[in-house]
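Predicted model, so just to flag it, every value in this text is computed and none were measured. Quick note: residue numbers are just sequence positions, from 1.
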Amino acid sequence: MPASSILLIENDLASGDVISNTLVNLGYAVTSFIDPDEAFGHVAEHQLVILDVVGGSRTALDVCRELRTIPVMSGIAVLCISATDQVEERIQFLEVGADDVMARPFDARELEARVEALLLRYQRSRDLVPLTGPDGVLPKRRRTVATFSPKGGVGTTTIAVNVAMAQALEQPDKVILIDFDLQFGQAAAHLNLEVKHTLAELVRDESALGEPALLRTYAMRHDTGLHVLASPPTPDTGEAIEAAHVEQLLKTALEWYDEVVVDAGSALDERTLAIFAAADTVILPVNPDIAALRSMRALVEHLNETGSIAEKSLFVVNNTFGRDLLRLRDIENALGTKVALELPYDPVSYLKAVNEGVPVVTGAPKSGAAGQLLKLADLAFAEQGAPTKAEPERRPKGLGALLRRS
């Protein structure tokens, strides 16, 4: 019999004692938790989770479903104990991710047999897991993508929300959108989510900042499976968030989620620089007008002096006007680099999306705007980083020279 550690989630103390004593007498180490959220932070330390009676507003089915969203749970077995022997109840547990279901009342010998079988099965499966995929390619690594513009109103939040949603549609419960527009963030409004907790509360909880499972409890879950950490409710509450908080939060989030999308807003400070440092790709949207280009040019020059992010930048032109005011070549000359993608002029889709709280990629999936936003998500999360990298500094000419003038 393998010597293994088992995590027991049990709200009924008497029942928990029966299960725990049975397994301890067999040589297993058993750790019991009443609160599922507390238990989530310790699943990685065990080889098996036994889920029995759950208290509070969530059912055992809800907790089992949440367990399966934890990245490390791919190699950990889950045994659920159903209240009855009804087939429908056992099927429901299996459908939400349980590996086995045992009905009450049960015999100690049955518990022993099921536990030993699950542990043996998962030990064998881990031994057979290759370090690379079948094509010899390493598994996809986790990534952080940020959106930022030095000028507000250019679509930074719209891009962040749609890029995050595009990824969440492919990987439900594995993508989180963090709204670091600390003055007037609107990511939650773009998704029609009711805000209960924000970054302001999270940074005051030191345990949650360093513990992925606790951090998750501050995030809202959209129906599509996208998780969202909302910005502080007022600018003054956002002032308490420091660069160190940003660094720790992004590091912890990436331990739980496969992909992190950050709306970094339009204020450049130490917190923003911490986001840039953590990001694998930085999307820099700009409108095709002189003011927006001048602001972006100044940002690029500043970042080149303080520590360039050129190698991970994606410049995106957001065509917010009904007709072309500037040619793409002029915009690229002004920025001194290539533009990775253009978003088409589409006032109806964007306005409808914001007013209804439904992102373009889900509310108008056949629109040209949705198609480009999906393409942008692919570019931003490309395994080899941003495919269209900033080029070496060009000598300004034409519009570029104009923007350099004081």
Side-chain angles (χ1 to χ4, degrees), residues 143 145-164 166 261-266 268 272 275-276 279-304 308-347 349-350 360-361 367-404:
R143 296 184 65 80
V145 170
T147 62
F148 177 83
S149 176
K151 182 177 182 295
V154 300
T156 304
T157 299
T158 293
I159 290 173
V161 168
N162 281 276
V163 165
V261 179
V262 180
D263 180 354
S266 57
L268 184 64
T272 313
I275 294 172
F276 289 166
D280 297 285
T281 303
V282 180
I283 300 174
L284 299 169
V286 60
N287 283 353
D289 65 74
I290 297 297
L293 288 171
R294 188 186 295 273
S295 297
M296 185 61 74
R297 180 76 193 191
L299 171 70
V300 171
E301 291 177 346
H302 174 73
L303 292 178
N304 283 340
S308 177
I309 60 169
E311 289 300 309
K312 51 185 173 182
S313 298
L314 279 177
F315 290 89
V316 176
V317 173
N318 186 9
N319 290 291
T320 54
F321 307 107
R323 62 187 182 88
D324 293 335
L325 300 181
L326 299 171
R327 294 178 301 173
L328 180 61
R329 184 175 62 184
D330 292 330
I331 295 173
E332 291 179 336
N333 283 335
L335 296 176
T337 186
K338 283 285 187 180
V339 168
L341 182 140
E342 289 187 82
L343 295 178
Y345 174 71
D346 188 346
S349 295
Y350 291 125
V360 175
V361 295
S367 66
Q372 287 297 88
L373 286 165
L374 290 172
K375 183 178 179 181
L376 178 57
D378 289 340
L379 291 175
F381 284 98
E383 281 300 295
Q384 300 303 320
T388 307
K389 298 178 180 179
E391 294 181 338
E393 182 75 11
R394 299 176 179 177
R395 293 188 61 184
K397 57 183 179 179
L399 181 60
L402 175 63
L403 294 176
R404 292 292 296 272

Verdict with reasoning, L376 to I283, per side chain to side chain contact (heavy atoms under 4.5 Å, CB included) = CA-CA 9 Å; L376 178 57; I283 300 174; 4.2 Å; yes
key: Flag side-chain contact, heavy atom, 4.5 Å: F381 against V145   = yes
ask   = Do side-chain atoms of Q372 reach the backbone of P344 as a donor and acceptor pair under 3.5 angstrom?
value = no
query = Where the side chain of D263 meets the backbone of A160, is there a donor-acceptor pair that is under 3.5 Å apart?
reply = no
request  = Would you check if the side chain of N162 reaches a backbone N or O of T158 as a donor-acceptor pair within less than 3.5 Å?
outcome  = yes
Point-to-point distance, once rounded to the nearest 0.5 Å, from OG1 of T337 to CE of M296 = 11.0 Å
task = Give the minimum heavy-atom separation between A340 and L379, together with the two atoms involved.
result = O-CD1, 4.3 Å
ask   = Would a distance-only check, ignoring hydrogens and angles, find a side-chain to backbone donor-acceptor pair under 3.5 Å from K312 to A279?
value = yes
message = A side-chain contact here means heavy atoms from C-beta on lying under 4.5 Å apart; do L284 and L299 qualify?
response = yes
Note, V286 side chain near V316 side chain (heavy atom, < 4.5 Å) = no
request  = Check whether any side-chain heavy atom of L343 lies under 4.5 Å from a side-chain heavy atom of T320, and answer yes or no.
outcome  = no
inquiry  = For the backbone of G152 and the side chain of S149, can you confirm whether one donor and one acceptor N or O come within less than 3.5 Å of each other?
reply    = no
message = Can you tell me how far apart CG (D378) and CG (L374) are? Round to the nearest 0.5 Å.
response = 7.0 Å
message = Can you confirm whether F276 sits close enough to L303 that some side-chain heavy atom of one is under 4.5 Å from a side-chain heavy atom of the other?
response = yes
key: Close side-chain approach of N319 and V317, heavy atoms under 4.5 Å   = yes
